[in-house]
Amino acid sequence: MSKTPDSAVRAYTEQHRAAFLDDLAEWLRIPSVSAQPEHAADVRRSADWLAAKLRETGFPTCEVWATPGAPAVFAEWPSDDPQAPTVLVYGHHDVQPAAREDGWDTDPFEPVIRGNRLHARGAADDKGQVFFHTLGVRAHLAATGRTTPAVHLKLLIEGEEESGSPHFRDLVEARKDRLSADAVIVSDTGMWSEDTPTVCTGMRGLAECEIQLYGPDQDIHSGSFGGAVPNPATAVARLVAALHDEHARVAIPGFYEGITELTDRERELFAELPFDEERWLRTARSTATHGESGHTTLERVWARPTAEVNGIGGGYQGPGNKTIVPSSAMVKLSFRLVAGQDPDHIEKAVRTWAAEQLPAGIRHEITFGAATRPCLTPLDHPALQSVVRAMGRVFEKEIRFTREGGSGPAADLQDVLASPVLFLGISVPSDGWHAPNEKVELDLLLKGVETSAHLWGDLAQNWRDAH
């Protein structure tokens, strides 16, 4: 247990709440939309603003790191304890596009507090969750009387996450020595709900491909040639039909090779969450669940690999009929990967499988995009337990566990730095990431501040004990 006094942290947080929210609102007014070229200068301005604010917070090293795209921000505050662990906090300062006509009640880049909620683009995803660490480290110092953090603290705040992080891995590899850490804290995630605080323990990886199929050199008459030459549209339909078996398992040979299976304890913990499947289906705009036999819905979206058809096409798509054998067809596939799966192995398996499925006379080309590796932290990892204890002190409830079905750049940090990744987020599903009227619950935002304040002392003490 960290020796940071709970009451001192809470008092400091409340004392500085107004100034903290004023600063956050100033940052939120910068429309740092990385996906829109007209906002490139705003993304740079956002990075400069954050670097200046981190210097004001006390970080002795604050740098804006250029990339071929949008800049990232790096900050470092060494501990005066040379034996302290090094912790890297990851987040991002770019935001999704937003405009009043999208359905916002107010200007998305003019923060508004209504009740106990702060509405603005980036309030939860991810500026609010990045910024709570600034007040958190100050509360940590004030409550303990320290002049430096209990850990060697580093921050890496990306500027292209909302654009797919196209240059992130290259940046991490180029700056590996500066970014080295014993653990990575990702504050770009959320909790199950306001009443059920949770810690995420992993994210799935992602591999994507497009398969183009070619038959005749041009569209040909289906009466004169149909039934006597291979049809690319039929071939792509058969390819998709062969993707899963009768139990909804992916039927690509070698697909499940090496995966880390759920433990009985993890399945029990998932089952303890207050999951309402009917409500979940309404959110999914669907009427029935479907997936791999032998697994619950939460297990399917968090801890099992998948293969999905993202798009399929071929032949005539206009009104009426056009009786042809089309010259080409295509399908776009994505594969969500779990711990133990290697994207390179998956690519080779898919290429071999596709070639074996297609008949003579059908030529094909497969193009894979950049892959994202999965990441998973074991429940008994000492750094994860520090996050759980810090949150438990603040929320005064049992902290439960989730995983994230999506994918993100956190896995690149784990892969390149060879460090465990932990998730500390206070956002809830109703915050509306990427949607109109995005918001953050102010009580939860301040609980994020307090959790951050307690975490550094707990990590310093228990990491040393664990080693």
Side-chain angles (χ1 to χ4, degrees), residues 47 50-51 53-55 57-65 67 71-93 126-127 129-134 136-137 140 148-161 165 167-189 199-203 372-373 375-377 381-387 390 408-425 448 451-460 462-464 466-467:
L50 177 59
K53 188 57 62 175
L54 291 173
R55 291 187 196 99
T57 298
F59 283 84
T61 299
C62 298
E63 301 169 3
V64 175
W65 286 355
T67 77
V73 177
F74 173 78
E76 184 173 11
W77 196 340
S79 174
D80 59 11
D81 178 1
Q83 302 303 314
T86 299
V87 182
L88 173 67
V89 174
Y90 166 85
H92 63 91
H93 67 93
D126 183 36
K127 289 180 177 178
Q129 299 202 92
V130 167
F131 203 58
F132 72 58
H133 286 289
T134 62
V137 70
H140 163 66
T148 65
V151 298
H152 301 302
L153 187 58
K154 300 179 181 181
L155 272 65
L156 177 62
I157 313 302
E158 186 189 358
E160 294 185 306
E161 195 275 343
S165 303
H167 305 103
F168 184 70
R169 187 180 180 94
D170 288 344
L171 176 67
V172 175
E173 289 178 340
R175 305 278 190 162
K176 180 179 178 179
D177 291 344
R178 300 286 303 279
L179 295 171
S180 62
D182 296 300
V184 176
I185 303 292
V186 173
S187 287
D188 183 25
T189 185
V199 171
C200 177
T201 61
M203 298 181 74
T372 300
R373 292 182 178 275
C375 60
L376 178 66
T377 302
H381 195 285
L384 176 62
Q385 291 305 310
S386 286
V387 175
D412 287 329
L413 292 167
Q414 176 182 268
D415 193 33
V416 176
L417 304 181
S419 302
V421 171
L422 301 314
F423 297 87
L424 170 56
T451 300
S452 175
H454 291 305
L455 178 58
W456 311 134
D458 194 299
L459 271 171
N462 290 287
W463 194 277
R464 182 179 290 107
H467 285 73

Taking the side chain as C-beta and beyond, is there a heavy-atom pair between [X] and [Y] under 4.5 Å?
{"X": "Val73", "Y": "Leu155", "value": "no"}
{"X": "Ser180", "Y": "Lys154", "value": "yes"}
{"X": "Thr61", "Y": "Arg178", "value": "yes"}
{"X": "Arg373", "Y": "Asp412", "value": "no"}
{"X": "Asp415", "Y": "Arg169", "value": "yes"}
{"X": "Glu161", "Y": "Asp126", "value": "no"}

Identify, with sequence neighbours excluded, every residue that meets side-chain hydrogen bond (donor to acceptor under 3.5 Å, both in side chains) alongside [X].
{"X": "Arg55", "value": "none"}
{"X": "Thr86", "value": "none"}
{"X": "Asp80", "value": "Arg146, Thr148"}
{"X": "His93", "value": "Ser46"}

Contact summary for [X] and [Y], nearest pair of heavy atoms:
{"X": "Ala183", "Y": "Ala383", "result": "CB-CB, 4.3 Å"}
{"X": "Ser79", "Y": "Pro149", "result": "OG-O, 2.8 Å"}
{"X": "Leu171", "Y": "Ala72", "result": "CD2-CB, 3.8 Å"}
{"X": "Val151", "Y": "Ala84", "result": "CA-CB, 4.0 Å"}
{"X": "Cys375", "Y": "Phe423", "result": "SG-CZ, 4.0 Å"}
{"X": "Ala410", "Y": "Val421", "result": "O-CG2, 3.7 Å"}

message: Applying salt bridge (charged side-chain N to carboxylate O under 4.0 Å, His left out), can you list everything that pairs with Glu76, at least two apart in sequence or on another chain?
response: none

Measuring from [X]:[atom1] to [Y]:[atom2], what's the distance to the nearest 0.5 Å?
{"X": "Leu88", "Y": "Phe74", "atom1": "CG", "atom2": "CZ", "answer": "7.5 Å"}
{"X": "Gln414", "Y": "Leu376", "atom1": "CD", "atom2": "CG", "answer": "8.0 Å"}
{"X": "Thr451", "Y": "Trp456", "atom1": "OG1", "atom2": "CH2", "answer": "10.5 Å"}
{"X": "His133", "Y": "Leu54", "atom1": "NE2", "atom2": "CG", "answer": "11.0 Å"}
{"X": "Leu424", "Y": "Leu384", "atom1": "CG", "atom2": "CG", "answer": "11.0 Å"}
{"X": "Thr189", "Y": "Met203", "atom1": "OG1", "atom2": "CE", "answer": "6.5 Å"}

Can you tell me if [X] uses its side chain to pair, donor with acceptor, with the backbone of [Y] under 3.5 Å?
{"X": "Asn462", "Y": "Asp458", "result": "yes"}
{"X": "Ser452", "Y": "Gly448", "result": "no"}
{"X": "Thr201", "Y": "Thr377", "result": "no"}

field: Step-by-step side-chain contact (heavy atoms from CB on, under 4.5 Å) determination, Val130 to His92
entry: CA-CA 7 Å; Val130 167; His92 63 91; over 6 Å; no

query: Between Val172 and Leu413, is a side-chain contact (heavy atoms from CB on, under 4.5 Å) present by the stated rule, with each step listed?
result: CA-CA 7 Å; Val172 175; Leu413 292 167; 3.9 Å; yes

query: Step by step, would you call Ile185 with Leu455 a side-chain contact (heavy atoms from CB on, under 4.5 Å)?
result: CA-CA 10 Å; Ile185 303 292; Leu455 178 58; 4.1 Å; yes

- prompt: For Phe168, which residues count as a ring pair (Phe, Tyr, Trp, His ring centres under 6.0 Å) partner, sequence neighbours excluded?
  reply: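 If we apply the ring pair (Phe, Tyr, Trp, His ring centres under 6.0 Å) test to Phe168, skipping adjacent residues, the hits are Tyr90.
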
